[in-house]
Every structure is written in structure tokens, then in C-alpha cells.
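Remarks on the structure that follows.
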Amino acid sequence: MRKSLVGFSVVLMLTAIWAAPRKQAQSWASAHLPEEAMAAMQKIDPERIRAHVKFLADDLLEGRGTGQRGGDIAAKYIATQFELDGLKPMGDNGGYLQKVPLVGITTLPETTFSMVPEHGAAMDLKFLDDYVATDETQQPVADVDAPIVFVGYGIEAPEYHWDDYKGMDVRGKVLLMLVNEPASEDVKFFKGRALTYYGRWTYKYEEAARKGAVGAILIHRTDMASYPWDVVRNSDSGEKSYLKAEGPKLKVAGWIQFEVARQLVSDSGLNLDNLLAEARSPDFHPMPLSVTLKAHMVSKVRPFQSNNVVAMLPGSDPKLRGEAVMYTAHYDHLGIRPDMPGDNIYNGADDNATGCGILMELARAFSLAAKAPKRSVIFASVTAEEQGLLGSEYLGRHPPIPAGKITLDLNYDDLPPLGAPEEVEVSGAERTTFYPVVEAMAQEFRLGIVPDSHPEAGYYYRSDHFSLARVGIPAFSVSEGMKYKGHTEEWGLRQAEEYTAKHYHQPSDEYHPDMDFTGDAAMARFGFALGWQAATEPKLIGWQTGDEFEAARVKSEMGKH
């Protein structure tokens, strides 16, 4: 998942160009980190991170698809690194692998998808070009013949006095809805520009299923989704993975192109632009359309297991070693598409071989410390992130120690090796009681903390830390801003935009020898120091009062014993 994370160098081994930042970083570490931590942190090596990325992104691993051969090789490789570090296995049956029961769903060519208006000809849609859809019931065949209802953003949020359903019975219906959420500059209303979980497609499918709908179709528009149609196409063109079904599920969970939606609405004698305007009002009411979805969903259903890779460095304090800091990074990507011509391997070098490289180098560095920190340190490389944060969701439900005893999760997801940033994004850190430490660390490392550069994209809800936050664990990812040493902010913005447009979830996200991993190593050191400090804090870290995850934290702490 796209979360750029590039660091900034701080240690003695680096060249003279980094002398000032290094001296500043040492002054912070000298004041807050013991000698054994400093020595271990300085052993983090950018070339080791490069080697990990080069291997994980090799064609041999065929894009590290979930439940595919290459993904299994990646998991075994990471487990081997943890074993070489002498870390304690925290998976199943005394090993490093935690089995994650999954079901793979592939929408087959026999599937048909038609929009049938009350008057006029049916509109037969072409899979991948016009729409994508998956049957989440995990059955091989399902038929839908149901009326379509436009439900605006598909959100019911009492705390914001917003209800797109207005009590309408949508059981047995197909819901057409917008991605994202009502636009606002008011931080008290859907958090202003920042996307909340209500804007995520996962919430919309979940809410539709809870209300008894048989289908939910999102209208794609690049500016609202924050990524182009090709991302939707590539993410849904092959097998999609799910945790074993529990509770209500949709027979049709899909997306349609904006122009298809325009035609669909027009066939009902309405104007899509007018509907979009109406949907922005809290007075919006669901609008039945005079169009029926007739779909014959044919799926290949493949029950299988994938694995999280989990290890632990036991803490040194007899009283605190039962608690832990956690580091996470997903190792999966989109795999290989055998039916595609040309380069059909989604190597996932930036996303997320880089995060895995950092995770493994962090594990090695912690293992080399002459004395471990007071609390234990857990390292978890999770599967099926690209399938909807499934591996981390399973980890959150089945943590190696009770969630109430995990003080912090620091996540690494997509660290393009572009250079040395002068700013850092730690979106979500401000929601925790640990934020003053994060601020002090950033200041001493000469990294300005900047707001999320794209709050409307909802990155906080799109990476694995979110799964841990949902069970109460204070969690956030660490990312660079847009200002890099030797470059303007506009340059950094162009790099991010080019990656999103041309390489994100594309076969072109590949390893290149000219990648500079100095920054990735430095961000590993930044996270190392944060984690070590969290492992020595007198009290467990919590959420700020009133945060949406505070209740889950209280619940997890009540059950930690």
C-alpha cells in the first residue's frame, strides 16, 4: 500500500555531508538512549536493506502473491532472517509462521453483469474495463436480480449527524454509492480534509452487508478515490483473498467507471452531477433508480492458508518483559498475472519490499544490542495487506501477547529510496500519548513534522497499523514529507505523483541498482530510537482522550491479564 517512507542519516559511519544531522541526532540519543542502544542503532546498514529488497523484488518470487509460491518463499526468507538473529519464534507450534486461514476468490469469465433499465436496452458491462466485482459470500455461483438504490456516500455516522440511509430498508437491494465522504474544512465534521474510516471502501461494503444489501457498487472517480482506474483494475483482476467468512457478506462488491455510472443514472431519467451535489447535503435521502442489476457471479473458490511471520526479542526487565513494542511491515504484493502479455510480474519493490528490508534490519540491530530494552520487541511481517489488511487483521485478533500489553506498533509501508527528507509524516502519532516523544525525536533529527500531505486519501486507514489500532494498540506509520535534501518540495511532490500514476500497483514497481538506501537505513534508525524509548517508558502508551480507538484500548487493557 502506498505510504512513502524515506529517512535521513544520523550515524557516525556516514560521510561528511551528514555530519551536522549526525551530531544533532547523537545529542538526542545520548540524552535518551543507553550506550547499548546507540551501538546497536549504528549497526543498521543500508546495503543490507538493499540486499533484502533486491531479493524480495526478484522475478523469482513472482510478485509475492498471497497464497502463491512467491509469497510463501518470502515468508520463509523473513523467518530465516529472524532465526539467524536468534529471535524467539512467536508463530504456531513453536515456529515463526502464524497460519492465516484465507479464501481466494477469482471472478471467472463466465460472470455476466448487466444494468437493465425499466425502459430501454440493457447495458452489458465488460469486466475490468467497465466494472470489477467480487462475490464475498465465498460461494462458486451466485445470482443477483435486484433494484439499484443510490445511497450517496453510504455512510451512517451518528457522531457527525449524518445518515445516508434515513431508515430505508435496503435488504435485498444493490446499493450504488460514492467513494470517500462529505467534503469539509471543519475538523469536527468528518475530521475536515482528513479521510476517516467512513470514506474507505471497506467500511462501505461492511455497512451495506450489515444492512442486508445483496450488493454494493462504488462509483470510481480518480480525484475522489485518490488513485486511477488502473489501480482498481489491477487490484481486482486476479484472485482476491478474504479471511474465512463470518457474518453477512455481499454477493456483489464492486466498482464501476464514472461514465458507466453517468449512463446508469441517465437511464433512470436523472443527472449524475445533480445526484453528487445532493449527496453532499445531510438532508440527502436514498434514491431508488429505475434500473436493475442482473448479475451471474461465477467464482473460483480456493480455501488456503498464508502466513504472518512473527518473532520476539524478550525484554530485559523481569516486570516489563511481558509487555512489548511491535514493528510491522507487509511482505505480500499482487503476484503474477499469467494471462497478461509482456511483463506480468508485480514485483512490489517499493511496496513493500522496502518496508520488509527495514523490518529485518531493525530485528538484526535489536538482536545485536548488548542488553535488550526493558520491554520485549515483537517483529511481525504480515500477509494479505494488499487484499484488505487481512494478515494484520488476523494478527490483531490473535496477537502473540494480549493486545492490552502491546504499548505501540510502528509500521513501515513503502519507502521509495529517493534521498534524504527534511520533513517527516507520522500521521496518527498525534492521537497517542507518545506524541511528545515523537516531536522531540524529530526535532533532534532535524526533521520537521508536517501534516499528512494527502489527508483526503485516508492513508491512516489503508495500512496495517490500522488493524492494530482497531484492537486498541496505539499505532502509526512513519513517512517522509515532500521536502528532500537538495531538492524543492515541488520535486518531492512530482516524485510521489509520478509513482502513483505510473508505478503504484504496476509491474514497473521494480528494483533498480541506482536506488539509494541511505535514507531507508536512516528512517530505520529513527524508528529504532522511537521503539527503544517506547520500550522503556514508565507506563504503557495510550490514545488521547476522546479518540475513536480509546474505547478499544480500554477494553484491551481490561482483558490483558
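Y327 and Y412 have parallel rings, their planes meeting at less than 30° on a 0 to 90° scale where 60° marks the start of perpendicular. Relative ring orientation between Y346 and H333 is described as tilted, the plane-to-plane angle lying within the 30° to 60° band. By the 30° and 60° cut-offs, the orientation of the rings of W543 relative to F549 is tilted. Taking the six-membered ring where tryptophan is involved, the planes of Y499 and Y504 are tilted, since the angle between them lies from 30° to 60°.
Using modelled atom types, one side-chain atom of Q98 and one backbone atom of H398 make a donor-acceptor pair closer than 3.5 Å. A donor-acceptor pair is defined here as one N or O able to donate and one able to accept, closer than 3.5 Å; no such pair exists between the side chain of S467 and the backbone of G396. Within the 3.5 Å criterion, the main-chain N or O of G428 finds a donor-acceptor partner in the side chain of E430. With hydrogens and angles disregarded, a donor-acceptor distance shorter than 3.5 Å links the side chain of S381 to the backbone of A329. Between the side chain of Q544 and the main chain of T432, a donor-acceptor pair closer than 3.5 Å is present. In this structure, the side chain of N347 engages the main chain of A57 through a donor-acceptor pair within 3.5 Å. Here the side chain of R302 pairs no donor or acceptor atom with the backbone of S241 at under 3.5 angstrom. Looking at T196, its side chain does come within 3.5 Å of a backbone N or O of Y198 through a donor-acceptor pair. T407 places no side-chain N or O within donor-acceptor distance of the main-chain N or O of L540, the cut-off being under 3.5 Å. The main-chain N or O of K374 is never found under 3.5 Å from a side-chain atom of D317 such that the two would form a donor-acceptor pair.
Counting only N and O atoms by type, the side chains of S226 and Y459 include no donor and acceptor under 3.5 Å apart. Using modelled atom types, one finds a donor on one side chain and an acceptor on the other under 3.5 Å when comparing H505 with S235. H330 and D351 are linked by a side-chain donor-acceptor pair at a separation below 3.5 angstrom, with hydrogens and angles left out of the test. With no hydrogens or angles considered, no side-chain donor-acceptor pair links D72 and N307 at under 3.5 Å.
The shortest side-chain heavy-atom distance between R470 and Y197 falls under the 4.5 Å cut-off. M326 has its side chain within reach of T328: a pair of non-hydrogen atoms, C-beta onward, lies under 4.5 Å apart. The closest side-chain heavy-atom distance from R525 to K43 is not below 4.5 Å. S463 places a side-chain heavy atom less than 4.5 Å from the side chain of E385. R431 places a side-chain heavy atom less than 4.5 Å from the side chain of Y460. The shortest side-chain heavy-atom distance between L243 and V100 falls under the 4.5 Å cut-off. Contact of the V301 side chain with the I105 side chain is registered, since non-hydrogen atoms from C-beta on lie closer than 4.5 Å. Contact annotation: the side chain of L195 approaches that of E181 to within less than 4.5 Å [non-hydrogen atoms, C-beta and beyond].
Salt-bridge check for E550 with R553: failed, with every basic side-chain N at 4.0 Å or more from each acidic carboxylate O. The existence of a salt bridge linking E422 and K483 is confirmed by a sub-4.0 Å separation between a basic side-chain nitrogen and an acidic carboxylate oxygen.
Heavy-atom minimum distance, L33 versus A529: CD1-CB, 3.8 Å. When all heavy atoms of P46 and I44 are compared, the pair lying nearest together is CD-O, 4.0 Å. The shortest non-hydrogen separation linking V310 to P400 is CG1-CG, 4.0 Å.
Separating the OG1 atom in T134 from the CD atom in E239 is a distance of 10.5 Å, to the nearest 0.5 Å.
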Side-chain donor-acceptor pairs under 3.5 Å in residues 356-363, sequence neighbours left out?
from : atom 1 : to   : atom 2 : distance (Å)
E361 : OE1    : R364 : NE     : 3.0
E361 : OE2    : D45  : N      : 2.7
E361 : OE2    : R364 : NE     : 3.4
E361 : OE2    : R364 : NH2    : 2.8

Tabulate below the donor-acceptor pairs under 3.5 Å that side-chain atoms of residues 73-90 make, not counting sequence neighbours, or state none.
from : atom 1 : to  : atom 2 : distance (Å)
Y77  : OH     : H52 : ND1    : 2.8
T80  : OG1    : K76 : O      : 2.8

Using the rule given for salt bridge (Lys or Arg N to Asp or Glu O under 4.0 Å), can you reason through R375 versus E323, listing the C-alpha separation, both sets of side-chain angles and the distance that settles it, and then say yes or no?
CA-CA 6 Å; R375 289 185 177 86; E323 300 172 351; 2.8 Å; yes
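With a 6.0 Å radius and a threshold of 12 heavy atoms from other residues, nucleotides or ligands, E439 has its CD atom above the threshold.
For the pair R200 and F466, the cation does not sit on the ring face, since its NZ or CZ is not both under 6.0 Å from the ring centre and inside 45° of the axis.
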